[in-house]
Novice: 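Pasting a structure below so you can have a look.
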Amino acid sequence: MSERNVIIIGSGPAGYTAAIYCARADMKPMMISGQQPGGQLMLTSDVENWPGEPDGVMGPDLMEKLKRQALRFGTEMVEDLVTEVDFSSQPFVVKTENETYQTKTVIIATGASAKWLGIPGEDRLQGKGVSACATCDGFFFRDKEVVVIGGGDSAAEESTFLTKFAKKVYLLVRRDELRASKIMQTRVRNNEKIEVLWNTEAVELLGEDKVEGVKVKNNQTGEEATLNVEGYFAAIGHKPNTDLFADVLELDQKGYIKHAPDSTKTNIEGVFAAGDVIDPHYRQAVTAAGLGCMSALEAERYLSAQE
Ligand code: NDP
């Protein structure tokens with residue numbers, strides 16, 4: 001079995017940027033793109049904050065461009081799912097559903113996924129009024145009423161965005177204050193279409209084939225009510241996709257891969273991690289891409305030092 005220089009796991013902005021840099025450094029990278037190639041931006045419509053795209057770019061189009069750029073310099077693309085890794089000794093081993101590979105370095109760019117409450121109806125009504133992305137799905141709720149769950153910047157941003165379409169947005173906050181930044185809080189408070197329901201939790205979604213309402217409960221008084229909404233947006237944060245590495249690498253309390261300060265180096269030499277899988281703070285495509293670039297430069301330096 002031939003040993004590779006670098007295997008990149010994941011195909012969001014971090015993974016593709018790492019691939020572009022590795023390929024241009026003649027490292028002949030292999031990228032294993034996972035089940036949903038392209039990552040979270042595949043679920044987004046217009047991306048307006050990607051530098052160099054003054055008119056905005058559709059998420060899937062941006063990912064296609066990044067893919068083409070990575071392929072142009074010779075990245076080997078494998079559409080497969082990694083099922084197991086062994087970083088205990090060199091060469092590292094990366095197993096997928098179909099193959100086993102050996103490699104000198106690994107760049108982990110597996111990203112993050114939206115968290116869900118896990119209440120009845122949330123699974124059943126996915127894509128039928130249940131969403132974790134207002135930018136992707138807000139358009140479908142013109143003149144309708146919706147709920148947003150959460151009290152952070154995501155929830156504030158999503159509720160504000162949804163008022164472009166929806167006639168009313170209920171923001172369900174489980175405490176009596178928002179965690180969101182001051183500016184986002186002000187935007188929420190000043191928006192007449194948003195009604196904040198404090199100390200309130202969603203307990204069940206109603207409807208068989210589409211969302212027809214959400215049962216809510218005040219966690220102080222125990223009082224229950226039904227909101228007659230047609231849309232349900234969870235904005236309670238994201239979970240890094242690190243299950244595969246739980247017993248292999250050091251993770252922080254929230255499951256993000258621990259890395260050296262100002263670096264993408266993990267606790268195992270030769271293993272690097274980039275993008276949302278190490279970043280609970282910024283979570284932007286452009287910051288993920290920057291981290292992807294750093295990981296490629298660090299992998300290249302590591303390989304040079306080994307030689
Ligand atoms: P956060 O972790 O910041 O906030 C999650 C929110 O969801 C909190 O208010 C939390 O409540 C609530 N929550 C969590 N679990 C539950 C639950 N089971 N039931 C009800 N509510 C729940 O996540 P975000 O995605 O909002 O933000 C993540 C990071 O990304 C932050 O650093 C944020 O600043 C940043 N970000 C920045 C943006 C921007 O600058 N434009 C936009 C979006 C995100 P509680 O407060 O009680 O814990």
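What you see is a predicted model, and the numbers here were worked out from it, not measured in a lab. Computed over heavy atoms, backbone and side chain alike; hydrogens, waters and symmetry mates excluded.
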Novice: Would you find more than 12 non-hydrogen atoms of other residues, nucleotides or ligands less than 6.0 Å from K265 atom NZ?
Specialist: no

Novice: Closer than 3.5 angstrom, by distance alone: can the side chain of D80 be matched with the main-chain N or O of T96 as a donor-acceptor pair?
Specialist: no

Novice: I need the minimum non-hydrogen distance between G150 and I236, along with the two atoms involved.
Specialist: CA-CG2, 4.1 Å

Novice: What pair of heavy atoms forms the shortest contact from T264 to S295, and how long is it?
Specialist: OG1-CA, 3.2 Å

Novice: When hydrophobic residues are tied together by side-chain contacts of less than 4.5 Å, even through go-betweens, does L297 share a cluster with I7?
Specialist: no

Novice: Give a yes or no answer on whether the side chain of D137 reaches the backbone of S131 with a donor-acceptor pair at less than 3.5 Å.
Specialist: no

Novice: When rounded to the nearest 0.5 angstrom, what distance separates OG in S33 from CE in M63?
Specialist: 11.0 Å

Novice: With L171, which of T200, L178, V146 fulfils side-chain contact (heavy atoms from CB on, under 4.5 Å)?
Specialist: L178

Novice: So, taking the atom named CG in L172 and the one named CG in L227, what distance separates them when rounded to the nearest 0.5 Å?
Specialist: 6.5 Å

Novice: Test your reading of the model: is there a side-chain donor-acceptor pair from N218 to the backbone of G222, 3.5 Å cut-off?
Specialist: no

Novice: Report yes if some heavy atom in the side chain of I32 is under 4.5 Å from a heavy atom in the side chain of V94; otherwise report no.
Specialist: yes

Novice: Around atom NZ of K215, are there more than 12 heavy atoms from other residues, nucleotides or ligands closer than 6.0 Å?
Specialist: no

Novice: Would you say the side chain of V130 lies within less than 4.5 Å of the side chain of V211, judging by non-hydrogen atoms?
Specialist: yes

Novice: Under 4.5 Å between side-chain heavy atoms, hopping through other hydrophobics if needed: is there a path connecting Y232 to V173?
Specialist: no

Novice: Do the non-hydrogen side-chain atoms of T105 and N5 ever get within less than 4.5 Å of each other?
Specialist: no

Novice: Does a salt bridge link K28 with D26, judged by any charged N lying under 4.0 Å from a carboxylate O?
Specialist: yes

Novice: Is N98 atom CG crowded by more than 12 heavy atoms from other residues, nucleotides or ligands, each under 6.0 Å away?
Specialist: yes

Novice: Would you say the side-chain atoms of E122 pair up with the backbone N or O of P120, donor to acceptor, closer than 3.5 Å?
Specialist: no

Novice: Do the non-hydrogen side-chain atoms of V78 and M30 ever get within less than 4.5 Å of each other?
Specialist: yes

Novice: Report the distance from atom CE of M31 to atom CD1 of I107, rounding to the nearest 0.5 Å.
Specialist: 9.0 Å

Novice: Can you confirm whether K168 is buried at NZ, in the sense that more than 12 heavy atoms of other residues, nucleotides or ligands lie under 6.0 Å from that atom?
Specialist: yes

Novice: Enumerate the side chain to side chain donor-acceptor pair (under 3.5 Å) contacts for residues 139-151, please, sequence neighbours excluded, ordered by first and then second residue.
Specialist: none

Novice: State, yes or no, whether a side-chain contact exists between E204 and V214 at a heavy-atom distance under 4.5 Å.
Specialist: no

Novice: Between E224 and V216, is there a donor-acceptor pair closer than 3.5 Å when you use the side chain of the first and the backbone of the second?
Specialist: no

Novice: Nearest 0.5 Å, please: how far is CZ in R187 from CD1 in I183?
Specialist: 4.5 Å

Novice: Report yes or no: does S11 contribute a side-chain atom to a donor-acceptor pair with the main-chain N or O of G38 at less than 3.5 Å?
Specialist: yes

Novice: Please round to the nearest 0.5 Å and tell me the distance separating atom OG1 of T83 and atom NZ of K95.
Specialist: 7.5 Å

Novice: Would you mind writing out the side-chain donor-acceptor pairs for residues 240-249 within the sub-3.5 Å range, not counting sequence neighbours?
Specialist:
residue : atom : partner : partner atom : Å
N241    : OD1  : S113    : OG           : 2.8
N241    : ND2  : T110    : O            : 2.9
N241    : ND2  : S113    : OG           : 3.3
T242    : OG1  : G255    : O            : 2.7
D243    : OD1  : K239    : NZ           : 3.3

Novice: Aromatic contact between F141 and F165, with the criterion being ring centroids under 6.0 Å apart: yes or no?
Specialist: no

Novice: Taking all atoms of both residues into account, what is the closest heavy-atom pair of A134 and E158, and its distance?
Specialist: N-OE1, 3.1 Å

Novice: Mind checking whether P91 and E3 have side chains closer than 4.5 Å, heavy atoms only?
Specialist: yes

Novice: Which atom pair, heavy atoms only, marks the closest approach of P13 to L41?
Specialist: CG-CD1, 4.1 Å

Novice: Assess whether side chain to side chain contact (heavy atoms under 4.5 Å, CB included) is satisfied between N49 and V286, documenting all intermediate values.
Specialist: CA-CA 8 Å; N49 52 12; V286 68; over 6 Å; no

Novice: Are V148 and W198 connected, step by step, through hydrophobic side chains (Ile, Leu, Val, Met, Phe, Trp, Tyr) whose heavy atoms are closer than 4.5 Å?
Specialist: yes

Novice: Going only through I, L, V, M, F, W and Y residues with side-chain contacts under 4.5 Å, is there a path from L162 to F140?
Specialist: yes

Novice: When the side chains of residues 299-307 are checked against the rest of the protein, which donor-acceptor pairs come out under 3.5 Å, sequence neighbours left out?
Specialist:
residue : atom : partner : partner atom : Å
Y302    : OH   : Q90     : NE2          : 3.4
S304    : OG   : E300    : O            : 2.9

Novice: State whether the number of non-hydrogen atoms from other residues, nucleotides or ligands found under 6.0 Å of Y21 atom OH is greater than 12.
Specialist: no

Novice: Please step through side chain to side chain contact (heavy atoms under 4.5 Å, CB included) for the pair K67 and M77, ending with a clear verdict.
Specialist: CA-CA 9 Å; K67 182 177 178 182; M77 295 283 177; 4.0 Å; yes

Novice: Show the nearest heavy-atom pair for residues N267 and E250, with the distance to one decimal.
Specialist: OD1-N, 3.1 Å

Novice: Check whether Y256 and V85 end up in the same hydrophobic cluster, where Ile, Leu, Val, Met, Phe, Trp and Tyr are linked by side-chain heavy atoms less than 4.5 Å apart.
Specialist: no

Novice: Without hydrogens or angle criteria, can the side chains of E298 and S263 be said to hold a donor-acceptor pair below 3.5 Å?
Specialist: yes

Novice: Is there a side chain to side chain contact (heavy atoms under 4.5 Å, CB included) between D61 and E64? Walk through the geometry before answering.
Specialist: CA-CA 5 Å; D61 293 346; E64 185 54 36; 5.5 Å; no

Novice: Identify whether the distance between the nearest side-chain nitrogen and carboxylate oxygen of R4 and E76 falls below 4.0 Å.
Specialist: yes

Novice: Can you check whether F233 reaches V147 side chain to side chain, under 4.5 Å on heavy atoms?
Specialist: no

Novice: Within this structure, what is the CD1-CZ distance for the pair I268 and F87, rounded to the nearest 0.5 Å?
Specialist: 7.0 Å

Novice: Kindly determine whether N199 and Q220 satisfy side chain to side chain contact (heavy atoms under 4.5 Å, CB included), including the steps that lead there.
Specialist: CA-CA 7 Å; N199 300 308; Q220 299 298 303; 3.6 Å; yes

Novice: Closer than 3.5 angstrom, by distance alone: can the side chain of N219 be matched with the main-chain N or O of R174 as a donor-acceptor pair?
Specialist: yes

Novice: Any side-chain heavy atom of V229 within less than 4.5 Å of one from Y170?
Specialist: yes

Novice: Where do T266 and V271 come nearest, in terms of heavy atoms and distance?
Specialist: OG1-O, 2.8 Å

Novice: Does atom CZ of R124 have more than 12 heavy-atom neighbours, drawn from other residues, nucleotides or ligands, at distances under 6.0 Å?
Specialist: yes

Novice: Do D276 side-chain atoms and D279 backbone N/O form a donor-acceptor pair below 3.5 Å?
Specialist: no

